[in-house]
Protein chains: 2
Amino acid sequence: MSNRASPQAPPQGVRGHTEAPKREPHVGCDGCLARHLSVCASLPQEETRDLEAAAGKLRLPAGATLAREGAPRREVYTVTSGMLRQVRVLADGRRLVAGFLQAGDFIGLTGSTLHRHTIEAISDTALCAFPLQGMRALCERHPELGAGVLDHAFHALDASETNQMALARMTPLERLAGFLLDMARRQHQRGGEEDRVELPMTRADIGDHLGLTVETVSRSFTRLRREDFVHFDDPHHIELRAPDRLRALVQSTG
Amino acid sequence: MSNRASPQAPPQGVRGHTEAPKREPHVGCDGCLARHLSVCASLPQEETRDLEAAAGKLRLPAGATLAREGAPRREVYTVTSGMLRQVRVLADGRRLVAGFLQAGDFIGLTGSTLHRHTIEAISDTALCAFPLQGMRALCERHPELGAGVLDHAFHALDASETNQMALARMTPLERLAGFLLDMARRQHQRGGEEDRVELPMTRADIGDHLGLTVETVSRSFTRLRREDFVHFDDPHHIELRAPDRLRALVQSTG
DNA sequence: CGCCCGCTTGAGCTCGCTCAACAACAGTGG
DNA sequence: CCACTGTTGTTGAGCGAGCTCAAGCGGGCG
C-alpha cells in the first residue's frame with residue numbers, strides 16, 4: 001500500500017453540528033463579486049435576465065456537503081464566495097482532492113448524469129445554483145454561455161495535467177511551492193494581496209491534493225519557512241517572502 | 001530530485017530517418033473507421049459535407065512529431081488510426097506523458113493559442129486535420145459539433161483526474177493494472193479483442209505516464225506475469241488472463 | 001476542565017529509485 | 001556477411017526519500 005488511508009471525514013458536517021444548506025431567491029448578477037470570473041461573464045451585462053430567472057442562491061456552512069460522488073446531478077453551480085474541495089475516495093479510504101474551488105469557479109464540468117466528486121465546503125460558502133434542464137436551454141439561447149463552460153473545462157483540464165506533472169515527477173518541496181504559487185495567483189485575481197495566501201483547508205487536504213502525507217506537507221512547510229521562502233504564525237495564513245525564488249524552485253517549462 | 005530525467009527523444013523522428021508528414025486531400029467521412037468514436041459522430045451522416053470540405057488528411061510515420069509544446073496552434077485533429085503520445089517536459093528533462101491518443105481521439109482540447117503538449121506518433125498514424133478558423137465557423141453552423149468537443153473535454157478531464165488518483169495514491173502494481181484495463185477497454189471499443197492490449201509505446205513512455213521508472217514498470221509487468229494476471233512474449237502485445245482479478249487489484253470506487 | 005482535532009517533530013523502516021550489468025534485436029558500415 | 005553500435009527490456013544490489021509510527025503541543029468546544 002502506498003499511503004495510509006486518511007480517517008474518513010464525519011458523514012455530515014464538522015464541529016458537531018450540520019446546518020442544512022440555506023436556499024434563498026437569487027438577487028441579481030449586478031453586484032456579484034464573482035461575475036467577472038465566472039461563466040456568467042461570457043454574457044453581456046444586459047442579458048443576465050435569463051440567468052437571474054433560473055438561478056437560486058445557496059449558502060453552505062463550513063464542513064457541509066454539497067454533493068456526493070456517484071449521486072445524481074440536478075444542478076450546476078458557480079461559487080460566489082468561500083472555498084470547497086472536490087474529493088474522490090477509493091474503497092479503502094485513500095483520498096484524492098482533485099481541486100479547491102473558489103469564487104468564480106464552476107461546478108458541473110462533466111457529461112455524466114452523476115457527480116464525479118464529493119464536494120465539501122471548507123469555509124462558509126455561497127453559490128449560485130442553476131437547474132441542469134434550464135442550463136441546457138440557456139446554452140442554446142446564449143451560445144456564448146456554452147463557450148464559457150468549454151473554456152472553464154479547458155482550464156480545468158490544464159490544471160489537472162499540471163497537477164499530474166507535480167504528482168508524477170516533482171519533489172514534495174516543488175509540489176508545495178507550485179501549489180502555493182498557484183493559490184496565490186488565483187487569490188490575487190480575486191482581489192487578494194499578491195504575496196499572501198489563505199489556506200482554510202487542513203494539511204491533510206493539501207496532502208491528498210499533492211499526493212503526500214500530512215507529515216511530509218508539514219515538514220515541507222517548515223523547510224520553506226526555515227529557508228525564508230514563506231512566513232506564517234497561523235498555518236492557514238501564509239506570506240510569500242520571495243515569490244521569484246519560489247518560482248525558481250518549480251522551474252517549469254512555461 | 002524525485003526522478004531521473006529520461007534521455008530526451010531525438011529532436012526529430014526515430015530510427016535515424018524522419019519522413020515529413022504527408023498531406024493528402026480528404027477523401028470523405030463515409031468509410032472512416034473512427035467516425036463513430038470521434039467528435040464527427042455528433043453530426044448526422046448527411047451533414048458531413050461541411051466537415052469534408054474543411055478537412056485534410058495527414059499521415060505520420062512512427063517517431064514523427066505532430067506538434068511541439070508552446071508552438072502556435074493552427075489546426076485541430078481527429079486520430080483515424082495509429083497511436084500518439086501527449087508529452088510535457090520540465091526544464092531538466094523530467095517528463096509526463098499526459099495521455100496516449102488512439103483512433104477517434106481529438107487533439108485540440110485547449111483554449112490556448114499555443115500547443116499545451118508535444119505530440120509524437122508512436123506508431124504510423126493517420127489523422128484528419130481541420131484549420132482552427134474553419135473549426136470555429138463549423139461549430140457555429142453545427143452546435144452539435146461544439147457539444148461533441150465539450151463532451152470530449154469532459155472525458156479527458158475525467159481521465160486526467162483518474163490518473164491523478166493513480167499517481168497520488170496507488171501502488172505501482174495498481175497503476176499498471178489500471179492502465180492495462182483502461183487501454184484494453186478503449187481498444188475493445190475500437191474493435192480489438194477484449195482480453196488483448198497492444199502497447200506500441202516503450203516502457204519509458206508507460207513510466208512517464210504512471211509516474212514510475214522504466215525499471216519499476218518492467219518489474220511490475222514481471223510480477224503481473226508471474227502471478228498469471230497477464231501473459232506475453234513480445235512486451236508490446238499483452239494478453240489479459242484474468243481481467244476480473246485485475247479489476248479487483250484496482251479496487252476503485254466505481 | 002478535559003477531550004478531540006489539527007499541526008509539528010522525531011525515529012526508524014520500506015518501497016521505489018539509482019546504478020549497473022546483460023541479453024536481444026535492429027540498423028549501419030566495412 | 002559479420003562486427004559494431006545504439007536502443008529496449010529485464011534483472012540484481014544497495015540506498016535514500018518519503019512513509020509509518022509515536023509523541024507532544026495548543027486551541028476550540030462541550
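Remember, it's a predicted structure, so these values are computed and weren't measured experimentally.
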_Nearest to the A:V214 side chain among C:dT8, C:dG16, C:dT9, which nucleotide is it?_
C:dT8
*How is B:G207 classified with respect to the nucleic acid when contacts are heavy atoms under 4.0 Å: base, sugar-phosphate, or nothing?*
nothing
*asked:* Whole angstroms only, please: what is the CZ-P distance between A:R223 and C:dT9?
replied: 13 Å
*Would you say C:dT9 has OP1 or OP2 under 4.0 Å from some side-chain N or O of A:R219?*
no
*Has A:H236 got a side-chain N or O lying under 4.0 Å from the OP1 or OP2 atom of C:dC7?*
yes
_Between A:R186 and A:D105, is the side-chain contact (heavy atoms from CB on, under 4.5 Å) condition met? List the steps._
CA-CA 10 Å; A:R186 288 168 64 196; A:D105 288 334; 3.0 Å; yes
*Could you check how far CG of B:L224 sits from C1' of D:dG9, rounded to whole Å?*
16 Å
*Any side-chain N or O of A:T216 less than 4.0 Å from the OP1 or OP2 oxygen of D:dC19?*
yes
*Going through the distances and angles, do B:L60 and B:D124 end up as a side-chain contact (heavy atoms from CB on, under 4.5 Å)?*
CA-CA 6 Å; B:L60 294 177; B:D124 292 352; over 6 Å; no
*Gap between atom CD of A:E198 and atom CZ of A:R190 - 0.5 Å precision*: 13.5 Å
*Could you tell me whether the phosphate oxygens of D:dT11, OP1 or OP2, come under 4.0 Å of any side-chain nitrogen or oxygen in B:T222?*
yes
*How many Å lie between CG on A:D234 and P on C:dG6, as a whole number?*
15 Å
*Write down the distance between CG (A:L176) and P (C:dC7), rounded to a whole number of angstrom.*
13 Å
